[in-house]
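Quick notes on the structure that follows.
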Amino acid sequence: MRANNSLEIVDFESELEVSQAIADEVVELVTVNPFAKISFPTGSTLQKTYGILRDSARLGRFSLAKAQVFLLDEYVGLPRGSIDSYLSFISREIQEPCGLPLEALHFPDVHASDLHEASEKYEDLIRVVGGMDLQILGIGSNGHIGFNEPGTPLNSRTRVAHLAPETREANARYFNGDINMVPKRCITQGLSTILSAKKILLVATGLSKAGSVSALRTSRMTESLPATALLTHGDTRIFVDRQAYGNREFFLDGSQGGLRS
Ligand code: F6R
């Protein structure tokens, strides 16, 4: 393992080592501060980390009993209670198995009649509790964090956002490969909401993330690559495995705001 660069990148041999390191960070935070406020993402990148946390909880070595957990984002348009919702995902992966009381799991009300108001309420809640102690992030292959897609302004707050076509395509794997089933909208914490966290850990594993990691390492701050917003944050580290930190060269395609090899 080694750390370098201004946006501190910490690279590991394998996905398992990355997952263990992130789980260790969570356990350490909650050991020091059982009342910690933590925002977790969904998706495949963190699933091994969540598995390690569940194992630790089963062994009585870890508990979120006094913590507060916040969803990073949530789909708009799924039926209430859908197993594909991010609320269901975090409930299954983290909340129940790690002893987090239901009332300590916070999320935007994506079923409200006024989604704008619901977004503002969630933003206010995050502000009122004093922001996150720890924000954990995955990254999209187009460089998104949360569902802040390319083109999102740095000063964005929690709001209704549209998923980029490539994000819907990537997420179709959770909907039997049918892109038409993937919601088009979500409520996501904004970039400035994410940046209000005291500490941020971004996780990228696997070849499919090599492009965004490479662009993130070489790019200055640009709205075409939302993760570069993290350059303005004083306590961010990026944990990568060997595949995501490979030697392939990628370039930002300014006209599309995407990445090409
Ligand atoms: C999910 C989220 C997204 C994912 C990103 C990576 O709550 O906010 O930004 O973190 O799309 O997804 P995976 O880990 O599935 O590759």
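Values in this document were obtained by computation on a predicted structure and should not be read as measured data. Start at 1 and go down the list; that is how both ligands and their atoms are numbered.
- Listed by first and then second residue, the salt bridge (charged side-chain N to carboxylate O under 4.0 Å, His left out) pairs that reach into residues 154-164 are E123-R157, sequence neighbours excluded.
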For ligand 1, run through the N/O pairs with the protein that fall under 3.5 Å and put one pair on each line.
residue  : atom   : partner : partner atom : Å
ligand 1 : 7 (O)  : T42     : N            : 2.9
ligand 1 : 7 (O)  : T42     : OG1          : 3.0
ligand 1 : 7 (O)  : D73     : OD1          : 2.7
ligand 1 : 7 (O)  : D73     : OD2          : 3.4
ligand 1 : 8 (O)  : D73     : OD2          : 2.5
ligand 1 : 9 (O)  : H144    : NE2          : 3.3
ligand 1 : 9 (O)  : G146    : N            : 3.4
ligand 1 : 9 (O)  : G146    : O            : 2.8
ligand 1 : 11 (O) : H144    : NE2          : 2.7
ligand 1 : 14 (O) : S44     : N            : 3.3
ligand 1 : 14 (O) : T45     : N            : 2.9
ligand 1 : 14 (O) : T45     : OG1          : 2.4
ligand 1 : 15 (O) : S44     : N            : 2.9
ligand 1 : 15 (O) : S44     : OG           : 3.1
ligand 1 : 15 (O) : R173    : NH2          : 2.8
ligand 1 : 16 (O) : K209    : NZ           : 2.6

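- Ion pair K198/D133 flagged as a salt bridge, since at least one NZ, NE, NH1 or NH2 atom sits closer than 4.0 Å to an Asp/Glu carboxylate oxygen.
- At least one donor-acceptor pair under 3.5 Å links the side chain of D178 to the backbone N or O of N180.
- Applying the ring-ring contact (aromatic ring centres under 6.0 Å, His included) criterion to F107, with sequence neighbours excluded, gives no partner residue.
- Residue pairs that meet the side-chain hydrogen bond (donor to acceptor under 3.5 Å, both in side chains) test with at least one member in residues 95-106, sequence neighbours left out, are Q68-H106.
- Using modelled atom types, one finds no donor on one side chain facing an acceptor on the other under 3.5 Å when comparing D73 with Q189.
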